[in-house]
Engineer: 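Sharing a structure here in structure tokens format.
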Amino acid sequence: WRRSMEKYSLVKVIGEGSFGRAVLVRCKSSQEKYVVKEIQLPKNQSKLENSRREAILLSRMKHPNIVAFREAFEADELLWIVMEYCSGGDLLQRIKQQKSNQFSVDNILKWFAEMCAGAKHIHDQRVLHRDLKSKNIFLTDNGTVKLGDFGSACILNSSKAYAHAYVGTPYYVAPEIWDNKPYNNKSDVWSLGCVLYELCTLRHPVLPPPHFMHSVVCCVFTLFSCVQFQASSWKSLILKVCRGAYPPLPSHLPYELQYLVKQMFKTNPKDRPSLHTILTSHRVSKLLRTHL
Ligand code: ADP
Ligand code: MG
């Protein structure tokens, strides 16, 4: 293991979270930069499997729109996941940089097509991402979008997918999850719908009126994550939010895009298109394919 680690020299720490930290490293022999996600391994056996799942699932993905896995190794209660470095930062940062300057339709379609291609690859491996959001979508230096952070991912139909434990980020969580139904491939589609909405409007979809909703969502988030509180009144409130009409997209956007967002925000997951449908038979697919 020491030898594996000695292949890299530390450049800088780029992120810190509950899992541990993300560091930018350089391979001493090739001079290439990589990101290492350094995860503190728990002593408890079942939690240990959870930590390893991220490395295992990421290593199965090989797609131009998914952050490439390089290697993983562990020792001294640390798991190192070495992966491709996306120097363009995350999509949330990129959206914030725009201030109120809208992205072009071509730009939106290109990124969205890339995200869908990456997410379809994940679903084709019978894996669910479960935490798709602009902060977990990265940009390369040439402006290609890559899905990352497989820390919440799970295998489709595994008992984990049915676990009612809270996963995901409140803004992007599909109505069925608030309703205690199992996470499914269409829940990832809902989350991508939120990202598409964000690209079109530069804001989150479930925010009318913004300040009130933000505090409600944050409050529920805190309750869920800190004390596993499951008050039904909170859930019903969230459901109302999910069912409620979202503020419309800017009218200059093509009708196909407006229609797509509407389909992706269907409350019943069965009514939402799959990624396969979006990319092949949806009315927007022709627009998308020209950008892939
Ligand atoms: P978590 O959200 O669980 O803390 P992430 O995998 O999202 O972990 O990584 C944390 C942060 O590290 C990200 O928000 C991002 O800033 C940075 N990061 C992670 N992976 C990459 C990558 N492949 N390229 C560039 N930055 C990355
Ligand atoms: Mg993340």
Side-chain angles (χ1 to χ4, degrees), residues 8-27 30-42 47-74 78-97 111 114-115 117-119 121-122 127-154 160 165-173 183 187-188 191-192 194-195 198 204 218 221 224-225:
Y8 304 98
S9 56
L10 186 137
V11 179
K12 63 174 180 188
V13 177
I14 52 176
E16 229 146 336
S18 52
F19 64 91
R21 54 183 198 164
V23 284
L24 181 64
V25 297
R26 191 189 300 277
C27 175
S30 70
Q31 297 299 309
E32 285 286 331
K33 284 178 183 164
Y34 294 95
V35 168
V36 169
K37 205 162 159 180
E38 195 184 79
I39 299 167
Q40 197 76 43
L41 287 172
K47 285 193 184 152
L48 194 62
E49 270 172 41
N50 281 346
S51 305
R52 287 181 180 144
R53 187 181 314 121
E54 175 172 358
I56 294 167
L57 295 182
L58 182 66
S59 72
R60 286 199 206 160
M61 308 295 156
K62 283 179 183 58
H63 190 274
N65 301 116
I66 298 178
V67 171
F69 172 89
R70 182 168 155 89
E71 60 175 332
F73 37 86
E74 46 184 85
L78 282 181
L79 164 65
W80 269 40
I81 306 174
V82 186
M83 58 191 150
E84 167 187 16
Y85 171 51
C86 302
S87 61
D90 64 60
L91 204 54
L92 182 64
Q93 282 171 344
R94 187 67 189 74
I95 289 169
K96 284 183 176 159
Q97 278 169 16
W111 282 342
E114 292 173 348
M115 275 172 226
H121 180 79
I122 300 175
V127 170
L128 303 173
H129 185 284
R130 299 204 296 180
D131 199 15
L132 290 170
K133 55 178 177 177
S134 48
K135 199 164 187 333
N136 285 337
I137 301 175
F138 303 108
L139 285 160
T140 63
D141 53 1
N142 70 13
T144 302
V145 151
K146 306 226 176 195
L147 308 181
D149 193 355
F150 280 65
S152 303
C154 76
K160 295 280 185 286
Y166 173 83
V167 287
T169 304
Y171 284 126
Y172 304 83
V173 169
Y183 202 101
S187 324
D188 275 348
S191 307
L192 279 182
C194 295
V195 178
E198 253 180 298
H204 291 295
C218 286
F221 178 48
F224 266 68
S225 54

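Just so you know, ligand 1 is whichever comes first in the structure, and atom 1 is the first atom listed for that ligand. No hydrogens, no waters, no symmetry mates; every other heavy atom, side chains included, goes into these values.
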Engineer: Select one of side chain, backbone, both or neither to describe which atoms of Val67 lie under 4.0 Å from any atom of ligand 1, heavy atoms only.
Structural biologist: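 Val67 to ligand 1: side-chain contact only, backbone stays beyond 4.0 Å.
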Engineer: With a cut-off of 2.8 Å, which protein N/O/S atoms are close to the Mg ion (ligand 2), if we only count those under it?
Structural biologist: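 Metal shell, protein only: Asn136 OD1, Asp149 OD2.
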Engineer: Using a plain distance cutoff, I'd like to know if Phe19 has any nitrogen or oxygen under 3.5 Å from a nitrogen or oxygen of ligand 1.
Structural biologist: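 N/O-N/O distance under 3.5 Å: no.
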Engineer: Mind checking whether Asp90 has an N or O less than 3.5 Å away from an N or O of ligand 1?
Structural biologist: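 Not met; the criterion fails.
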Engineer: Can you sort out which atoms of ligand 1 are near Lys37, meaning under 4.0 Å from one of its heavy atoms?
Structural biologist: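 In order of numbering, the contacting atoms are 3 (O), 5 (P), 6 (O), 8 (O).
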Engineer: Do ligand 1 and Tyr85 have nitrogen or oxygen atoms that lie under 3.5 Å from each other?
Structural biologist: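 Such a contact does not occur with ligand 1.
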Engineer: Please, which pairs that meet side-chain hydrogen bond (donor to acceptor under 3.5 Å, both in side chains) have at least one residue in residues 32-42, sequence neighbours excluded?
Structural biologist: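 Sorted pair list: Arg21-Glu38, Tyr34-Arg70, Lys37-Glu54, Lys37-Asp149, Glu38-Trp80.
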Engineer: Measure the acute angle between the ring planes of His63 and His121, then classify it against the limits of 30° and 60° as parallel, tilted or perpendicular.
Structural biologist: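 The arrangement is tilted - the two ring planes meet at 30° to 60°.
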Engineer: For Glu54 and ligand 1, does the shortest N/O to N/O distance drop below 3.5 Å?
Structural biologist: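 It does not: no N or O of Glu54 is found under 3.5 Å from an N or O of ligand 1.
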Engineer: Of the backbone atoms (N, CA, C, O) and the side-chain heavy atoms from C-beta on, which set of Lys146 has a member under 4.0 Å from an atom of ligand 1: side chain, backbone, both, or neither?
Structural biologist: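 For Lys146, there is no contact with ligand 1 at all, from either part.
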Engineer: Could you list the atoms of ligand 1 found under 4.0 angstrom from a heavy atom of Ala22?
Structural biologist: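 Every atom of ligand 1 under 4.0 Å from some heavy atom of Ala22: 12 (O).
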Engineer: What atoms of ligand 1 come closer than 4.0 angstrom to any heavy atom of Lys135?
Structural biologist: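 Listed by number with element: 14 (O).
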Engineer: Using heavy-atom distances, let me know which of Asp149, Val13, Ile14, Leu92 sits nearest atom 17 (C) of ligand 1.
Structural biologist: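 The residue whose heavy atom sits nearest atom 17 (C) of ligand 1 is Ile14.
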